[in-house]
Amino acid sequence: MTGQGSPAPDSSPSTAGAPRVRIAPSPTGDPHVGTAYIGLFNYVFARKHGGKFILRIEDTDRKRSTKSSEEAILAALRWLGLEWDEGPDVGGPHGPYRQSERLDLYKRHVQQLLDAGLAYRCFCTPERLADLRKQQEAAKASRYGYDRHCRDLDPAESLRRAEAGEPYVVRLKMPLTGTCVIEDGLRGSINREYGESDDQVLQKSDGFPTYHLANVVDDHEMGITHVIRGEEWISSTPKHIVLYEAFGWEAPRFFHLGLLRNPNGSKLSKRKNPVSVDYYRELGFLPESMLNYLGTMGFSISGDRDRFTLDEMIEAFDWSRVSAGGPVFDPVKLRAFNKQDLMAMDLDELQRRFVESVLRPDRLRLLLAQAQKRVDLLDEVLPWGAYFFGGGVDYKAIEKKFRIKGRTRKETIKALSAYLEAIERDERARAFTAAGLEAFTEEFVESIGWNKKFYQLLRVATTGQAKTPGLFETMELVGKDRARQRIRDAVAHMKAGENW
RNA sequence: GACCCCUUCGUCCAGAGGCCUAGGACACCGGCCUUUCACGCCGGCGACACGGGUUCGAAUCCCGUAGGGGUCACCA
């Protein structure tokens, strides 16, 4: 209802002095291009105004956070060249920069809210919440969400139950009336009725804070002046604003960028696209091409130019040159940028980069270990192992191998798809070493009631070949991101296949 | 479903009332260059979602409609 037209762009910091911004990834998977995208805009904004760019790890989800994910995210951002001024690995005056190491801080703040009557303990069981949800769905309720059942519990009673050991979460008391006005630096005013937001959980029953609480507390403690994040956060911003007010803090300025999309318009997801920065890195995309491409998503440096360096982007950056629509992430154009950058390089540089990425010693060594017994001449190594390089392979000639005796096409597709998903949830598989893959795959095959025929299927899918060295050595060498993409391609190929 | 956001070529952007018979990039299609391919060059295809206003004048401002997206978790 508002916010259309001229959104009153504003690049001036709300707080005097240099801005402080942050990227706050959650270490629950592969480094996502969306994280890189938001990171880029934060980085550029900070550099433009001589401010600080902070990296904070939001690992408040105990079940899903992993160290390997955190490491991968840091490595990916660093590869892109988005260096942070403060972060878990480089330190800084506002550390620690990992939320799991700041639990006391959140506990104190929750207590403060509880004491002030601005938050309350909720003893509702997960079952009751599930029932509630079911009811709301059945009733086609216009409002979903928590019904504030425990909101008016007597504080003394509440305390007693807590001390008696009854499990509880702490929820924020949202105002029941009134309008929240979010002044978005990119979109203008966004109005939302407070009453539409439910009473958000601030502290889980395991004592860990939720994103909402930790994010507000940390942004304040770390002196964050501008919160540049994805559009997905708009609807919970009123909760954040209420929290700032509850603590008596000044809220930062908010800027909600459009979300990167799949070709079909939905939020970019790994179902439809390779979304791991590692995938692009592994396939030899250049970090500068990547950054430039990401920089054209929602931003333009001028009307007739879309090739620019990071420094040029920083130089030209202004919110008036940023649009709020959600751009489609188009790998074709990214490739074109990459090709142009390759062409523009002098030969020395090209050679250096090629050797650095494609002929990396660790990878070469894996390759040679397999080639040793299989080639007669050194010159044959690369042609022999061609399927270890490049992205896609051609399944056309070998598609007969996708037919597995005793299994329908549908079953075969299902098994391969299930494998793809299972990889994500298993630490051994995520590490993608031969030994880990073998142990994992063996269990997997059994769990879905298949036999070793699945191995050959995997081999063909990941290499396009029927004859390769040991499956798991081969998969390790193909690499996680390339392998996953090929399995996806194989599934797509099978789905498109006709008469079988 | 409710709330919020978004809406210019297939895609990414330019355009901030007349400069727009709407510009650039990627993709696609022709042609030139060339032993081939690539590069390069020239050209082509191709969009202001729709309907109402406001205005002398609207892609640009307002309203409505439609479409797309996001959010409605003890995930971030």
Side-chain angles (χ1 to χ4, degrees), chain A residues 1-7 9 24-29 32 35 57-65 99 122 124-126 129-130 133 136-137 139-146 167-171 180 182 184 186-188 190-193 195-198 200-212 214-215 229-239 256-268 292-307 320-337 339-340 342-344:
Chain A
M1 57 189 282
T2 51
Q4 280 134 337
S6 307
S26 175
T28 54
H32 198 282
T35 304
I57 295 294
E58 308 229 322
D59 56 349
T60 54
D61 185 342
R62 276 163 126 172
K63 286 161 230 113
R64 296 195 307 146
S65 297
Q99 291 185 329
C122 167
C124 292
T125 62
L129 263 19
R133 197 190 161 73
Q136 288 169 338
E137 271 165 19
K140 291 204 161 73
S142 66
R143 263 200 62 247
Y144 287 53
Y146 183 59
Y168 64 90
V169 300
V170 176
R171 290 181 185 270
C180 177
I182 305 166
D184 188 294
L186 184 56
R187 296 162 193 260
I190 300 172
N191 301 298
R192 192 144 188 264
E193 295 306 309
E196 282 163 7
S197 303
D198 69 355
Q200 180 61 49
V201 172
L202 300 177
Q203 185 178 88
K204 310 176 205 178
S205 55
D206 65 2
F208 270 54
T210 59
Y211 167 86
H212 303 282
N215 153 69
R229 54 171 24 165
E231 186 183 6
E232 60 206 314
W233 294 110
I234 291 178
S235 45
S236 43
T237 303
K239 296 167 182 176
H256 292 96
L257 259 29
L259 260 25
L260 260 24
R261 315 277 190 95
N262 294 313
N264 73 355
S266 57
K267 176 169 149 181
L268 190 64
N292 183 178
Y293 178 68
L294 254 16
T296 64
M297 307 271 89
F299 169 80
S300 72
I301 197 159
S302 74
D304 57 1
R305 184 155 80 103
D306 59 10
R307 298 312 318 271
S320 68
R321 301 212 62 85
V322 179
S323 61
V328 171
F329 183 85
D330 176 14
V332 174
K333 188 163 182 177
L334 172 57
R335 279 183 92 100
F337 274 22
K339 180 190 183 123
Q340 289 172 3
L342 250 19
M343 282 194 300

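Numbered from 1 within each chain, the chains take letters A, B, ... in sequence-line order. Since this is a predicted model, take the numbers as computed values, not measurements.
- Of the C1' atoms belonging to B:rC20 and B:rC28, the separation is 25 Å, rounded to the nearest Å.
- Residues A:Ser235 and A:Arg192 have side chains that never bring a donor and an acceptor to within less than 3.5 angstrom of each other.
- Taking 4.0 angstrom as the limit, A:Thr28 places none of its side-chain polar atoms (N or O) nearer than this to OP1 or OP2 of B:rC75.
- Nearest nucleotide to the side chain of A:Arg64, out of B:rA76, B:rC75, B:rG68: B:rC75.
- Rounded to the nearest 0.5 angstrom, A:Phe208 CZ and A:Asp61 CG are separated by 9.5 Å.
- Distance A:Phe208 CZ to B:rC75 C1': 14 Å, rounded to the nearest Å.
- Comparing A:Glu193 and A:Ser205, the nucleotide of RNA chain B nearest to each residue sits closer to the 5' end for A:Glu193.
- Rounded to an integer number of Å, the gap from A:Ile190 CD1 to B:rC4 C1' is 7 Å.
- Annotation: B:rG43 and B:rC61 have their C1' atoms spaced 38 Å apart (nearest Å).
- Put simply, CZ on A:Arg305 and OG on A:Ser300 are 10.5 Å apart, with the number rounded to the nearest 0.5 Å.
- Atom CG of A:Leu186 is separated from atom P of B:rC6 by 8 Å (rounded to the nearest Å).
- Both A:Thr296 and A:Arg171 lie close to RNA chain B; mapped to their nearest nucleotides by heavy-atom distance, the more 5′-ward contact belongs to A:Thr296.
- From A:Arg229, atom CZ reaches atom CD1 of A:Ile234 across 9.5 Å, with rounding to the nearest 0.5 Å.
- What separates CG of A:Asp61 from P of B:rC75 is a distance of 6 Å, to the nearest Å.
- Atom-to-atom, CG of A:Leu268 to P of B:rG69 comes out at 14 Å; the value is rounded to the nearest Å.
- Residue-level contact check: A:Val201 touches the backbone only, with heavy atoms under 4.0 Å from sugar-phosphate atoms and none from bases.
- Residues A:Arg307 and A:Asn292 have side chains in contact (heavy-atom distance under 4.5 Å, counting atoms from C-beta outward).
- In this structure, NZ of A:Lys339 is placed 10 Å from C1' of B:rC37, rounded to the nearest angstrom.
- Partners of A:Lys333 according to the salt bridge (Lys or Arg N to Asp or Glu O under 4.0 Å) rule, which considers only residues two or more places apart in sequence or in another chain, are A:Asp306.
- Taking only side-chain atoms of A:Glu58, from C-beta outward, the nucleotide of B:rU11, B:rG68, B:rA76 with the closest atom is B:rA76.
- Atom CG in A:Asn215 sits 12.5 Å away from atom NZ in A:Lys239 (nearest 0.5 Å).
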> How would nucleotides 21-33 of chain B be written as a contact map, 5' to 3', with B for base contact, S for sugar-phosphate-only contact and - for no contact, using protein heavy atoms under 4.0 Å?
Replying inline: --BBBSS------

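- Among the protein residues, A:Pro25 comes within range of no part of the nucleic acid, since none of its heavy atoms lies under 4.0 Å from any strand.
- Nucleotide B:rA49 has B:rU65 as its partner under the Watson-Crick or G-U criteria, with both atom distances under 3.5 Å.
- B:rC26 is paired with B:rG10 under the criterion used here, namely a Watson-Crick or G-U wobble arrangement in which both key atom distances are under 3.5 Å.
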List, with names and distances, any nitrogen or oxygen atoms from the protein found under 3.5 Å away from nitrogen or oxygen atoms belonging to nucleotides 70-72 of chain B.
unit_1 : atom_1 : unit_2   : atom_2 : d
B:rG70 : OP1    : A:Lys267 : N      : 3.1
B:rU71 : OP1    : A:Lys267 : NZ     : 2.9
B:rU71 : O4'    : A:Ser235 : OG     : 3.2
B:rU71 : O2'    : A:Ser235 : OG     : 2.9

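- Atom CG of A:Asn264 and atom P of B:rG67 are 17 Å apart (whole Å).
- A:Pro263 and A:Val328 make their closest contact through CA-CG1, 3.8 Å (heavy atoms, listed as atom of the first residue, atom of the second, distance).
- Among the heavy atoms of the strands, none lies under 4.0 Å from A:Arg62.
- When the P atom is compared between B:rA16 and B:rC33, the two are found 41 Å apart, to the nearest whole Å.
- Nucleotides B:rC29 and B:rA22 place their P atoms 25 Å apart, quoted to the nearest Å.
- Going from atom CD of A:Gln136 over to atom P of B:rC3 covers 16 Å, rounded to whole Å.
- B:rG10 and B:rA49 have their C1' atoms separated by 16 Å, given to the nearest Å.
- A:His212 and A:Ser236 get closest at one heavy-atom pair: CE1-CB, 3.6 Å.
- Across every strand in view, B:rC41 sits in a pair with B:rG31 that passes the Watson-Crick or G-U test at under 3.5 angstrom.
- Separation of the C1' atoms belonging to B:rG64 and B:rG18 is 27 Å when rounded to the nearest angstrom.
- Residue contacts shown for A:Cys180 are absent, as no nucleic acid heavy atom lies under 4.0 Å away.
- Base pairing of B:rA16: no nucleotide in any strand meets the Watson-Crick or G-U wobble criterion (both distances under 3.5 Å).
- Side-chain atoms of A:Thr210 and A:Lys204, non-hydrogen and from C-beta on, do get closer than 4.5 Å to each other.
- Heavy-atom minimum distance, A:Cys124 versus A:Leu129: CB-CD1, 3.8 Å.
- If you check every strand for non-hydrogen atoms under 4.0 Å, A:Gly230 touches nothing.
- The gap from the C1' atom of B:rU60 to that of B:rU8 amounts to 11 Å, rounded to the nearest Å.
- Only the P atoms considered, B:rA66 is 32 Å distant from B:rC56, to the nearest whole Å.
- A distance of 13.0 Å separates CG in A:Leu294 from CZ in A:Phe299, rounded to the nearest 0.5 Å.
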